[in-house]
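Residue numbering restarts at 1 for every chain, and letters A, B, ... go by the order of the sequence lines. These figures come from a predicted structure and were not determined experimentally.
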Amino acid sequence: MSISKTYQFNEVEDKWYSYWLEHKFFKSVPDEREPYTIVIPPPNVTGVLHMGHMLNNTIQDVLIRRARMKGKNACWVPGTDHASIATEAKVVAMLKERGIAKTDLTREEFLSYAWEWKEKYGGIILEQLKKLGASCDWDRTRFTMEPDMSAAVIDTFIHLHKKGLIYRGVRMVNWDPKGLTAVSDEEVIRKEVNQKLYYIRYEVAGSEDLGARIKDGAKSEVEGVRSEDSATRTPRPATSEAPATYITIATTRPETIMADSAICINPNDERYTHLHGKTVYVPLINRAIPVILDEYVTMDFGTGCLKVTPAHDLNDYELGQKHNLPVIDILNDNGTLNEKAAILIGEDRFAARKKIAVLLEEAGALEKVEDYKSQIGFSERTDAVIEPKLSMQWFCKMTEMAKPALDYVLNGEVKLIPEKYINTYRHWMENVRDWNISRQLWWGQQIPAWYLPNGQYVVAKTAEEALAEAKALTTDNSQLTTADLRQDEDVVDTWFSSWLWPISVFDGFKDPENADINYYYPTNDLVTAPEILFFWVARMIMAGHEFKGQAPFKNVYLTGIVRDKLGRKMSKSLGNSPDPIDLIGKFGADGVRVGMLLCSPAGNDLMFDESYCEQGRNFANKIWNAFRLVKGWEVSEELENPNQTAISWFKNRFNQATAEIEEAFKDYRLSEAIMAVYKLVWDDFCAWYLEMVKPVYQQPIDVQTFNATIGYFEEIIKLLHPFMPFITEELWHDELFGTRTAEDCCIVAQLPSIEEWNTQQLNHFENVKQVITEIRNTRNNKKLSPKETLDLSIKQSSDVNYEAYLPVIKKLGNIGNINFTEEKVIGAVNFLVSTDEFFIPLSTNVDAGAELLRLQKEKDYLLGFLKSVDAKLSNEKFVNNAKPEVIDNERKKKADAEAKLKIVEDNLKFLAN
RNA sequence: GGGAGCUUAGCUCAGCUGGUUCAGAGCAUCUGCCUUACAAGCAGAGGGUCACUGGUUCGAACCCAGUAGCUCCCA
């Protein structure tokens with residue numbers, strides 16, 4: 001039988017995934033074992049698998065598989081998120097293609113299209129995750145908008161409303177004029193954009209004739225004055241002696257001047273003291289607005305005069321509130337100007353901006369235009385420029401809920417990994433603002449608020465319950481029927497459902513004392529992106545506290561952002577993201593998993609490059625070939641075991657590595673864990689152990705060595721499994737490891753326990769390795785063939801047990817005879833390992849000159865080293881202050897160096913003779 | 001503007017409470033090998049003023065201050 005020289009992952013991956021599913025290894029039901037639970041951050045139904053998912057889910061799968069192999073009842077709950085804004089946008093787009101406008105549909109009709117869309121595309125990511133090997137309990141797959149989940153959302157709304165934590169209010173919200181909905185601050189992406197700063201002149205009215213101006217508003221007169229002004233005056237700071245007839249403001253949004261309620265100046269600004277108490281006219285529409293004073297205005301920004309537009313800017317809104325200014329909203333929901341604008345009605349805000357600039361110019365009110373850079377908010381979902389807009393929204397009070405949620409993190413009940421995020425978290429939670437939970441959409445849970453004809457509202461689960469509530473409000477409502485009630489059109493924010501996720505996936509609302517929730521909650525680890533630390537993680541903690549009295553998880557592992565090797569965030573628009581499924585096809589799921597982990601230090605962004613996956617694939621191939629080697633061995637019962645030292649060394653090394661890996665996992669340093677396994681397998685097992693025990697070509701191996709090797713190999717496969725589930729399962733079932741029952745699978749094998757190891761043997765072997773390396777080096781330097789056998793003499797002074805390793809040195813160094821000597825061997829190549837001297841006699845002469853140079857260099861180094869050690873030891877302050885073990889160490893270093901120096905000096909003397 | 005973080009080899013990163021021959025790992029590079037497990041490999045080697053400048057200390061990649069550059073969050 002011939003086995004392929006390279007590992008053919010495509011022939012095994014699907015096979016084993018199906019096998020695991022068939023045998024229900026991913027399935028979890030509560031039992032007497034300790035649970036280990038992860039709930040997946042539910043991907044959007046609109047999404048397709050991207051590199052962020054790959055990273056995130058690889059980590060979750062590694063954790064869950066490892067827990068399973070530690071005997072825990074491992075449960076990974078998968079599911080998807082309904083993503084109201086994104087999905088609604090997709091459905092609207094789909095309908096548009098079919099020639100259907102959303103506005104032509106009833107809510108019910110629209111939702112049936114949306115469900116149709118969700119059924120068709122909503123499961124793509126979950127299917128793709130299977131390719132990666134994700135061992136989710138698929139029977140538990142949930143969706144945030146399925147009936148039970150939605151019921152939980154509605155109940156939560158009612159509950160919090162009853163507690164007074166949900167209220168209705170007019171607020172400045174981030175309005176998405178394309179999505180036609182409010183979005184949260186977190187869904188707004190700020191980008192630096194090149195803009196223009198428009199300097200606009202507002203005419204100042206004399207306070208005495210203000211009445212007349214407003215009364216007749218004579219346009220011709222105003223224009224007459226202005227044209228005269230612009231012809232004769234140049235802009236300059238006004239003085240009290242010669243009051244200017246206009247003031248200039250700077251704005252990036254000239255199209256909003258029609259919504260101005262005031263001009264604000266800093267009371268300390270001496271340039272403008274003459275304007276105190278004055279009135280000015282908005283250009284083009286000539287509406288009179290007051291000049292107000294507030295220290296909020298920065299004197300040295302722009303002209304120091306600020307136009308105040310309460311309807312269209314958050315800061316202006318607050319300023320307007322403070323000064324009791326009217327709110328003039330000139331924009332429609334879709335971003336076009338409405339009749340309140342008086343001019344340019346129906347124009348889009350950006351078209352209006354261009355046109356108004358022309359109008360202002362023509363009217364002589366435009367002083368100048370400058371280039372200007374500033375941060376602009378864009379909708380994460382639709383990429384439309386966010387419009388600050390006043391609207392009636394539902395809010396959830398946060399201050400009260402944030403307090404305990406902050407405490408969980410501060411007192412360590414919930415650990416953030418890495419810890420640096422605690423700062424960010426605290427900052428957010430201490431400056432938390434109320435959560436706008438309403439969205440002007442249909443796809444989502446409809447807000448359970450019902451409006452009465454008289455404008456009052458009640459919050460209730462059904463129309464019937466709402467009617468009862470309504471009747472209870474006042475006796476006037478006794479004649480009401482459900483037909484008189486109108487349910488709020490809006491839905492709740494998607495996060496208002498996903499904050500319940502860790503509870504609702506176990507039906508913790510529907511059936512609060514059920515076996516699942518009691519067993520699996522709180523979950524163990526949450527793996528997610530730091531971007532959603534606040535609006536998902538923090539809120540889950542709030543909900544966990546509110547409804548379960550317990551945080552929903554113990555550890556939150558925050559992954560970095562996957563960037564390309566130039567450091568750019570991977571995105572569709574840049575086209576710099578590889579298709580994960582293609583990657584899996586190219587390098588195998590195991591290879592890609594290893595690749596992801598190799599470059600993913602916890603919490604730091606990772607500069608992804610395909611070469612990491614290549615490294616992962618090569619690693620799989622290495623494992624495969626180690627298997628091929630062992631598989632090819634013939635076993636002989638007759639033979640003695642010549643490999644006892646190697647066997648015992650590897651046992652120690654294995655135990656040490658297992659402990660290292662365990663430590664790395666404890667701190668969630670997964671890239672270190674995978675590297676530790678990588679080196680154990682590649683260096684220790686393949687390059688050293690197998691090379692030591694491998695019989696010469698076509699010779700059989702003794703039983704003991706064979707069995708030990710098979711045993712080690714199996715343990716290694718287990719260690720590898722969480723990282724590389726497919727190749728390990730494939731090898732596990734090979735007859736090399738004996739016959740197995742159908743249920744005896746690597747996925748449920750128990751990881752090796754950590755055992756003690758003998759440090760001394762490991763240290764001694766490090767010396768032996770060095771000896772072998774030096775021998776190989778000698779060959780390299782002298783251009784000797786590896787096939788040519790050499791002899792070796794050892795002049796030992798250390799306590800290393802070389803005797804036991806002589807067969808190893810002979811085999812790996814291709815040494816013929818070894819002897820121990822008390823004398824230096826003249827004319828031989830020599831090298832030093834620790835304080836032991838080694839000699840290799842060669843037929844050719846040693847190059848004395850080169851040798852002299854080498855020894856001299858060595859001597860210089862040792863002298864320098866000794867000098868620094870002596871400096872420390874003769875320093876009184878060092879001897880007095882340093883810890884005793886540090887001082888001992890220095891003494892040992894000194895002794896060591898002196899011994900070596902003596903050897904080197906002797907050799908130099910020898911060479912001289 | 002406010003806050004957080006980062007800067008160590010060509011690349012990606014370790015470096016725990018300052019003290020082992022403390023400057024490390026993987027990849028990449030270079031040299032030599034098609035040595036029947038593996039060229040997706042083997043055996044070796046060379047790469048660093050630990051961003052910069054000061055300070056604390058017997059001793060600093062590590063602690064402190066300042067400077068520069070980068071990133072993120074909030075306004």
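- Nucleotide B:C52 has B:G66 as its partner under the Watson-Crick or G-U criteria, with both atom distances under 3.5 Å.
- Ring geometry for A:F831 against A:F838 counts as parallel: the plane angle stays under 30°, on a 0 to 90° scale with 60° as the upper cut.
- For A:D269, the salt bridge (charged side-chain N to carboxylate O under 4.0 Å, His left out) partners two or more places apart in sequence, or in a different chain, are A:R271.
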For nucleotides 24-33 of chain B, just jot down a letter per nucleotide in 5' to 3' order: B, S or -, based on protein non-hydrogen atoms under 4.0 Å.
-SSS------
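- Summary of the strand contacts: A:W688 and A:F9 both lie near RNA chain B, and taking for each the nucleotide with the nearest heavy atom, the more 5' one is attributed to A:F9.
- Applying the Watson-Crick and G-U wobble criteria (two distances, each under 3.5 Å), B:C11 pairs with B:G26.
- Summarising the base pairing, B:C42 is matched to B:G32 through a Watson-Crick or G-U wobble pair whose two defining distances lie under 3.5 Å.
- Ring centers of A:Y805 and A:F765: under 6.0 Å apart, within the cut-off.
- For B:A65 and B:G47, the C1' atoms lie 33 Å apart once the distance is rounded to whole Å.
- Across all strands shown, B:G19 forms a Watson-Crick or G-U wobble pair with B:C58, both key distances being under 3.5 Å.
- Across the strands present, B:A4 finds its partner in B:U71; the criterion is a Watson-Crick or G-U wobble pair with both atom distances under 3.5 angstrom.
- Taking atom C1' on both B:U8 and B:C22, the two are 12 Å apart, rounded to the nearest angstrom.
- Annotation: B:C50 and B:G18 have their C1' atoms spaced 15 Å apart (nearest Å).
- Closest contact between the side chain of A:W428 and the listed nucleotides B:C74, B:U12, B:G19 involves B:C74.
- A salt bridge links A:E735 to A:K631: one of the charged nitrogens lies within less than 4.0 Å of a carboxylate oxygen.
- When the C1' atom is used for both B:A9 and B:U49, the distance is 13 Å, rounded to whole Å.
- The aromatic rings of A:F865 and A:Y861 lie parallel to each other, their planes meeting at an angle below 30°, with 60° marking the opposite boundary.
- A centroid separation of less than 6.0 Å is found between the aromatic rings of A:Y712 and A:F650.
- Out of B:G5, B:A14, B:A43, the shortest distance to the side chain of A:E672 is found at B:A14.
- Of the two residues contacting RNA chain B, namely A:K787 and A:N889, the nearest-nucleotide position lying further toward the 5' end is that of A:N889.
- In this structure, B:A37 forms no base pair with any nucleotide, since neither Watson-Crick nor G-U wobble geometry is met with both distances under 3.5 Å.
- B:G46 sits 28 Å from B:U53 when the P atoms are compared, rounded to a whole Å.
- In this entry the base of B:G54 is anti relative to its sugar, with a glycosidic angle more than 90° from 0.
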